[in-house]
Amino acid sequence: MIFNNLLRNQKIKNKIMLLYVPLVLLPLLALGYVSVDLYTDSIIRKTEKSMKDTSTLITIRINGIMKNVENAANMLTISLNRIIGEQNRIRDLNAPVVDVKLYTEITNELNFSRLVFPEVESLAFINEQGRVYGSSLQLESNDVSVLDTDMLQTLKKTSGYNVWFPMQRRDYLTLSRDDVVMTLGKKIIDIRTGSTIGYLILNLNEKTLSEVYRNVGFAENERYLILDGQDTVVSAADPELRLAKLNLPELEGWTWSGRDEVGTVSSAAGEYLFSLTPMNADLRLLHLIPLDELTREVNQMRNVILVSGFICLIVTVLAANRLSDVIAKPIVHLTNSMKRFREGHLDMELQVRSRDEIGLLAVGFNSMIRNIWDLLERIKDEQRQKHEIELALTQSQIRPHFLYNTLDVIYKLIEMNRPLDAQRTTKALAEFYRRVLSKGRDLITLEEEMEIVRHYLSIQQLRYADVFRHVIEIEHDMLWVPIPKLSLQPLVENAIYHGLKEKDAFGLLAIKGYRAGDECRIEISDDGAGMTEERLRTILSELSAEKNETIYGLFNVDRRLKLNFGREAGLEIESAEGKGTKVTIRLPLKQHVSSSKGKEGLHATDSHRG
């Protein structure tokens with residue numbers, strides 16, 4: 001059922017692939033991978049048994065070495081009791097001045113033990129006053145007080161049994177501070193009196209342990225590591241790993257189990273086969289073999305199978321392509337055309353090369369595209385008419401708004417007993433609406449639009465003479481540029497009411513018109529209160545929306561500019577809080593400006609000029 005649904009939604013070429021490829025590849029891959037898995041499991045099982053046997057032999061050898069060190073300590077306990085056991089010799093041992101004969105006898109006994117037990121690298125005997133008798137002079141030269149070290153303090157608390165100290169580097173009681181040694185310590189007790197004679201130190205060099213397994217193994221990157229109870233590597237063939245923490249978190253649980261374990265573990269370096277074997281002194285032998293080395297030949301077999309499968313896949317694809325060219329190519333061509341149509345590419349027409357079912361589909365497809373083109377043109381015209389109606393309604397909201405404000409100004413002037421100013425305001429209002437009506441035309445010249453702005457400013461200047469002054473600078477060549485009626489007045493009104501009135505000081509309103517390349521630019525700027533960056537972003541966002549009822553003046557101007565002159569026309573707004581706002585109208589010039597309409601220059605007025 002699932003396979004049928006999958007086929008139903010696929011291309012014809014993909015359906016052929018889905019049928020042919022499994023038939024060729026699945027039997028080959030199944031046979032190959034089953035064989036590889038069986039062979040891999042067999043290799044791993046045999047390697048695990050070999051690892052376990054080898055680890056057991058290595059463990060026995062290292063345990064024997066450690067046992068010999070313990071035997072050396074036990075033998076020296078008896079020998080030192082014999083040498084120092086007599087009362088007068090104990091006095092010589094603890095005397096302030098070293099007894100040469102006693103020193104010779106003790107050091108000879110220590111060196112004899114090294115000959116009998118070559119596993120022991122060095123030995124030292126320390127009396128109760130901290131005097132050191134060593135198998136080598138390096139052991140007698142120490143930069144610290146030996147009796148105060150943790151090692152000797154630990155031995156003082158024992159009753160004479162052997163104590164193994166962890167593998168470490170230290171700067172006392174060793175041949176070299178760079179050596180890594182494992183130390184056996186023992187308190188020497190007088191067997192006759194029970195008093196403490198001194199302390200015996202036997203050093204087992206790490207190299208002695210690593211030499212046991214250094215050349216053991218068959219894999220190139222095979223590793224043996226000896227771990228202590230804290231998962232610290234106490235012995236390894238690689239010097240960089242010695243005394244480092246084990247970096248295999250997956251093995252942390254295994255190292256504490258106390259029994260033989262065999263398994264696999266993953267790390268950043270790859271997968272390993274491991275064997276973990278307990279040893280004496282709370283140590284464990286970890287044997288690691290990279291799995292990729294064990295399965296290298298298996299991987300080669302797998303690669304051969306993959307190459308064979310890839311060759312079969314290529315042959316299958318070529319055969320399927322040939323079959324699809326014969327059967328499915330016309331259908332695929334029609335499908336690709338429909339995809340492009342769905343993505344919005346309507347400027348296409350299919351070539352009809354046959355009279356079969358595919359040819360009939362192509363004819364119907366071409367007819368459908370032509371009908372859609374006609375429908376889109378009708379929709380575009382309807383949308384334009386709709387926008388014009390909406391913008392006309394919005395413009396009708398602007399005109400009553402100004403009329404109400406102007407009548408309020410006239411009323412207040414009469415109320416303040418300023419009939420002459422009221423008359424001038426009434427005259428300016430009449431001239432304003434005479435210009436606004438302009439015989440019903442929506443597009444007027446910039447010169448006519450500026451006359452509307454001047455009448456408007458004359459009204460506002462009467463009311464806000466102590467708030468601002470205005471300056472107008474328009475290049476003469478720009479006066480003949482067509483512009484939608486009432487494009488500047490809403491912007492000037494915004495500058496007065498939302499910029500200059502909000503300012504505590506006297507302000508300036510400037511209107512500039514000039515040519516910039518193929519554009520006419522008209523700037524309405526003020527040095528008023530300005531806007532915050534957040535408010536400016538909000539206005540710019542609302543300006544690009546489809547509808548707006550909060551900034552309908554700006555929205556109306558921007559939409560009418562774009563409707564009449566295209567997407568490149570419109571408003572640009574810049575503002576800084578406390579510094580002012582500048583609104584720029586951008587109008588593409590195209591054929592609107594004629595060089596015969598006057599000469600280069602400025603048409604300028606200033607509200608404070610005579």
Side-chain angles (χ1 to χ4, degrees), residues 65-85 89-90 92-191 195-209 234 281:
I65 291 174
M66 297 175 67
K67 186 65 177 176
N68 286 342
V69 176
E70 293 176 355
N71 291 337
N74 295 332
M75 186 189 75
L76 281 171
T77 300
I78 298 172
S79 299
L80 292 173
N81 262 281
R82 175 177 52 79
I83 295 172
I84 308 171
R89 301 304 293 276
I90 293 176
D92 294 338
L93 178 68
N94 296 322
V97 180
V98 176
D99 186 294
V100 176
K101 182 179 180 182
L102 180 61
Y103 173 86
T104 302
E105 289 183 21
I106 293 176
T107 54
N108 286 342
E109 191 65 33
L110 294 176
N111 285 304
F112 177 76
S113 295
R114 283 193 61 222
L115 293 174
V116 177
F117 302 98
E119 297 87 352
V120 181
E121 181 189 53
S122 57
L123 304 95
F125 172 76
I126 303 96
N127 67 7
E128 283 289 280
Q129 279 69 43
R131 183 175 296 158
V132 179
Y133 300 81
S135 60
S136 175
L137 291 177
Q138 290 94 325
L139 275 76
E140 299 176 5
S141 302
N142 298 285
D143 297 333
V144 297
S145 175
V146 177
L147 289 178
D148 295 332
T149 61
D150 293 340
M151 182 180 295
L152 270 294
Q153 292 297 321
T154 300
L155 292 178
K156 286 181 181 180
K157 299 175 183 178
T158 66
S159 57
Y161 54 83
N162 294 332
V163 178
W164 280 103
F165 293 95
M167 194 76 73
Q168 59 183 311
R169 291 186 180 92
R170 62 175 187 269
D171 53 2
Y172 63 93
L173 298 179
T174 59
L175 296 180
S176 171
R177 63 182 59 192
D178 295 327
D179 289 341
V180 179
V181 296
M182 189 174 181
T183 301
L184 177 68
K186 186 179 181 68
K187 180 196 282 188
I188 306 299
I189 298 176
D190 193 322
I191 57 178
S195 61
T196 300
I197 298 175
Y199 307 93
L200 185 62
I201 299 298
L202 297 90
N203 291 324
L204 173 62
N205 196 299
E206 184 279 337
K207 293 179 182 178
T208 304
L209 301 181
V234 300

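Just so it is clear, the structure is predicted and the values come from calculations on it, not from any experiment.
- Residues Met66 and Met182 are in side-chain contact: their nearest non-hydrogen atoms beyond the backbone lie under 4.5 Å apart.
- Considering only residues two or more places apart in sequence or on other chains, Arg170 meets the side-chain contact (heavy atoms from CB on, under 4.5 Å) condition with Met151, Gln168, Tyr172, Leu173, Thr174, Val181, Thr183, Ile201, Asn203.
- In this structure, OG1 in Thr77 is found 10.0 Å from CD1 in Ile191, a value given to the nearest 0.5 Å.
- For the atom pair CG (Leu80) and CZ (Phe125), the distance works out to 5.5 Å, reported to the nearest 0.5 Å.
- Summarising the geometry, atom CG belonging to Leu110 is positioned 9.5 Å from atom OG belonging to Ser79; distances are rounded to the nearest 0.5 Å.
- Side-chain contact between Arg169 and Asp179 is absent, with no heavy-atom pair separated by less than 4.5 Å.
- In this structure, Asn205 contributes its side chain and Thr208 its backbone to no donor-acceptor pair below 3.5 Å.
- When all heavy atoms of Gly185 and Leu155 are compared, the pair lying nearest together is C-CD2, 3.5 Å.
- In this structure, OG1 in Thr107 is found 6.5 Å from CG in Asn111, a value given to the nearest 0.5 Å.
- Val100 places a side-chain heavy atom less than 4.5 Å from the side chain of Thr104.
- Here the closest heavy-atom approach between residue Ser122 and residue Ser135 is recorded as CA-OG, 3.6 Å.
- For the side chain to side chain donor-acceptor pair (under 3.5 Å) test, residues two or more places apart in sequence or in another chain that qualify with Ser136 are Gln138.
- A pairwise comparison of heavy atoms in Ala124 and Val132 identifies CB-CG1, 4.2 Å as the closest pair.
- Sorted by first and then second residue, the pairs that involve residues 109-127 and meet salt bridge (charged side-chain N to carboxylate O under 4.0 Å, His left out), not counting sequence neighbours, are Arg82-Glu109.
- Shown here for Leu202 and Ala72, the closest heavy-atom pair between the two residues is CD2-CB, 3.7 Å.
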Table please: side-chain donor-acceptor pairs of residues 159-166 below 3.5 Å, with sequence neighbours left out.
residue : atom : partner : partner atom : Å
Asn162  : OD1  : Lys186  : NZ           : 3.3
Trp164  : NE1  : Glu70   : OE2          : 2.8

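- Nearest heavy-atom pair across Val146 and Ile126 is CG1-CG1, 4.1 Å.
- In summary, the side chains of Glu105 and Tyr133 do not present any donor paired with an acceptor at a separation below 3.5 Å, with no hydrogens or angles considered.
- Within a 6.0 Å radius of NZ in Lys156, other residues, nucleotides and ligands contribute more than 12 heavy atoms.
- Shown here are the side-chain contact (heavy atoms from CB on, under 4.5 Å) partners of Leu115, two or more places apart in sequence or in another chain: there are none.
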(Q) Using the rule given for side-chain contact (heavy atoms from CB on, under 4.5 Å), can you reason through Leu123 versus Ser113, listing the C-alpha separation, both sets of side-chain angles and the distance that settles it, and then say yes or no? (A) CA-CA 9 Å; Leu123 304 95; Ser113 295; 4.2 Å; yes
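- The two residues Ile189 and Ile197 make their nearest non-hydrogen contact at C-CD1, 4.1 Å.
- Within the 4.5 Å cutoff, side-chain heavy atoms of Leu139 are placed close to those of Leu175.
- Inter-residue side-chain proximity for Val116 and Asn68 is flagged as unmet; no heavy-atom pair is nearer than 4.5 Å.
- At distances below 3.5 Å, at least one donor-acceptor pair connects side-chain atoms of Thr154 with backbone N or O atoms of Asp150.
- Side-chain contact check for Ile188 versus Tyr199: every heavy-atom pair is 4.5 Å or farther apart.
- In this structure Asp178 satisfies the side chain to side chain donor-acceptor pair (under 3.5 Å) test with no other residue, sequence neighbours excluded.
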